[in-house]
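Okay, structure first, notes after.
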Amino acid sequence: MFKKKSKDHRRRLVTSTEPRSIVSEQFRMVRANIKFSMKDKQFCTLLFTSASKGEGKSTVAANTAIAFAQEGKKVLLVDADLRKPTMHHTFNKSISPGFTNLLMIQWKIDDVVKESGIKGLDLITCGPIPSNPAELLGSTFMDLFIKEAKALYDIVIFDAPPVLSVADAQIISEKCDGTILVINAGATEKRFAVKTKEVLQSSKANIIGTILNNFKLEKGHYYYQYYGQDV
């Protein structure tokens, strides 16, 4: 569905750098599908995760956050991958101060929020890598953060570690209104995808959808022909 990662981190934010591209249009479809799937419920917090590493969950989370901001929403993107964070690279920001400063020593949101460079989108990077990520994410301070963030923003998006690697995503998913699973086309084994779904469901996660990443459209496909030309 989406292009492979580029070595140029700015290329990862295709919804910002190439808003008229096929990929950007697909992210707008993701935005629409999220809204449709949650139309009967009040939703504010979304979690993006994957079965294993390297499936593109962080890139998908960032571009979805931008898509919502482009719609006029006030959006907060949180790097909740406290083991191998990437959002500071993606947005070319410092890793600290960040989320762990808030969770460990109770800094205020205003102390750790960074401007993303995109209108309507704020960013909280990881902060110093902690020794106890799961405990921090399951703490009372995490609950207080979510409550405060929901009062300040229309949508709060969390980028979490892969489900089958550590328990972090399970912990956060229980606290979020919706969870989205990112699967790498042609790479993620079916048994791992099924296991991930089972693990999330056991944590009472509200799985609202799955995104197939890195799926390539042929140039002869009608979608490519329609959106792949200047209008």
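- Here salt bridge (charged side-chain N to carboxylate O under 4.0 Å, His left out) pairs that include residues 78-99, with residues two or more places apart or in two chains, are K57-D81, R83-D168.
- For the pair T45 (side chain) and D177 (backbone), a donor-acceptor distance under 3.5 Å is present.
- Of the possible polar contacts, none joining the N63 side chain to the V60 backbone as a donor-acceptor pair under 3.5 Å is found.
- From E174, atom CD reaches atom OG of S202 across 9.5 Å, with rounding to the nearest 0.5 Å.
- To the nearest 0.5 Å, atom OG of residue S116 and atom CE of residue M87 are 11.0 Å apart.
- Of all the heavy atoms in A169 and L47, the pair that sits closest is O-CD2, 3.6 Å.
- By the 4.5 Å heavy-atom criterion applied to side chains, E55 and P162 are not counted as neighbours.
- Taking each heavy atom of V14 and S21 in turn, the nearest pair found is CG2-OG, 3.6 Å.
- Checking each of K114, H89, H88 against T125 for a side-chain hydrogen bond (donor to acceptor under 3.5 Å, both in side chains) leaves exactly one that passes, namely K114.
- Between the OG1 atom in T59 and the CG atom in D159 there is a gap of 9.0 Å [rounded to 0.5 Å].
- The two atoms that bring A67 and F27 nearest to each other are CB-O, 4.1 Å, heavy atoms only.
- In this structure, E115 places its CD atom where only 12 or fewer heavy-atom neighbours from other residues, nucleotides or ligands lie under 6.0 Å away.
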| task | Dump the intermediate steps for side-chain contact (heavy atoms from CB on, under 4.5 Å) on V156 and V78, then the final yes or no. | result | CA-CA 7 Å; V156 183; V78 182; 4.1 Å; yes
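- Note: L123 CG to F91 CZ = 6.0 Å, rounded to the nearest 0.5 Å.
- In this structure, T179 and T49 have side chains that are in contact, with non-hydrogen atoms separated by less than 4.5 Å.
- A heavy-atom distance below 4.5 Å is not found between the side chains of L152 and L76.
- Using a 4.5 Å heavy-atom threshold, the side chains of L102 and D111 count as separate.
- Note: F145 and F158 have perpendicular aromatic rings, judged against thresholds of 30 and 60 degrees for the angle between ring planes.
- Put simply, V182 and V194 are part of two different groups of oily side chains (I, L, V, M, F, W, Y) that touch within less than 4.5 Å, one to the next.
- The OG atom of S52 lies 6.0 Å from the CZ atom of F192; values are rounded to the nearest 0.5 Å.
- Checking side-chain atoms of E18 against main-chain N and O of S16 turns up no donor-acceptor pair under 3.5 Å.
- Grouping the Ile, Leu, Val, Met, Phe, Trp and Tyr side chains by contacts below 4.5 angstrom, directly or via other members, places L136 with W107.
- F68 does not carry K73 over the face of its six-membered ring by the limits of under 6.0 Å from the centre and within 45° of the normal.
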| said: Please determine whether side-chain contact (heavy atoms from CB on, under 4.5 Å) holds for the pair S165 and K53, giving the CA-CA distance in whole Å, both sets of side-chain angles, and the decisive distance to 0.1 Å. | reply: CA-CA 8 Å; S165 301; K53 65 179 182 179; 5.6 Å; no
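- With hydrogens and angles disregarded, a donor-acceptor distance shorter than 3.5 Å links the side chain of S37 to the backbone of I34.
- Cluster membership for F43 and F36, using ILVMFWY side-chain heavy atoms within less than 4.5 angstrom, is not shared.
- Criterion: ILVMFWY side-chain heavy atoms under 4.5 Å apart, direct or through other members. Under it, I129 and L82 are not part of a common hydrophobic cluster.
- Comment: K175 engages D143 in a salt bridge, judged by a side-chain N to carboxylate O separation of less than 4.0 angstrom.
- For the residue pair A69 and V75, the shortest heavy atom distance occurs at N-CG2, 3.7 Å.
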| Test side-chain contact (heavy atoms from CB on, under 4.5 Å) applied to R31 and T64, step by step | CA-CA 7 Å; R31 179 186 68 195; T64 303; 5.5 Å; no
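- Each of T15, L77, I66 was evaluated against I118; a single residue qualifies, I66, per the side chain to side chain contact (heavy atoms under 4.5 Å, CB included) test.
- With hydrogens and angles disregarded, a donor-acceptor distance shorter than 3.5 Å links the side chain of N33 to the backbone of M29.
- A heavy-atom distance below 4.5 Å is not found between the side chains of C126 and F99.
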| Can I172 and M142 be said to form a side-chain contact (heavy atoms from CB on, under 4.5 Å), step by step? | CA-CA 9 Å; I172 308 173; M142 177 67 171; 4.1 Å; yes
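- Nearest heavy atoms, I95 versus P85: CD1-CG, 3.8 Å.
- Scanning both residues, A65 and I157, for their nearest heavy atoms gives CA-CD1, 3.6 Å.
- By the criterion of side-chain heavy atoms lying less than 4.5 angstrom apart, applied directly or through intervening Ile, Leu, Val, Met, Phe, Trp or Tyr residues, V23 is grouped together with L121 in one hydrophobic cluster.
- For the atom pair CD1 (I207) and OG (S173), the distance works out to 8.0 Å, reported to the nearest 0.5 Å.
- Two residues are said to be in side-chain contact when any heavy atoms from C-beta on lie closer than 4.5 Å; T196 and L181 meet this criterion.
- The shortest side-chain heavy-atom distance between S50 and N184 does not fall under the 4.5 Å cut-off.
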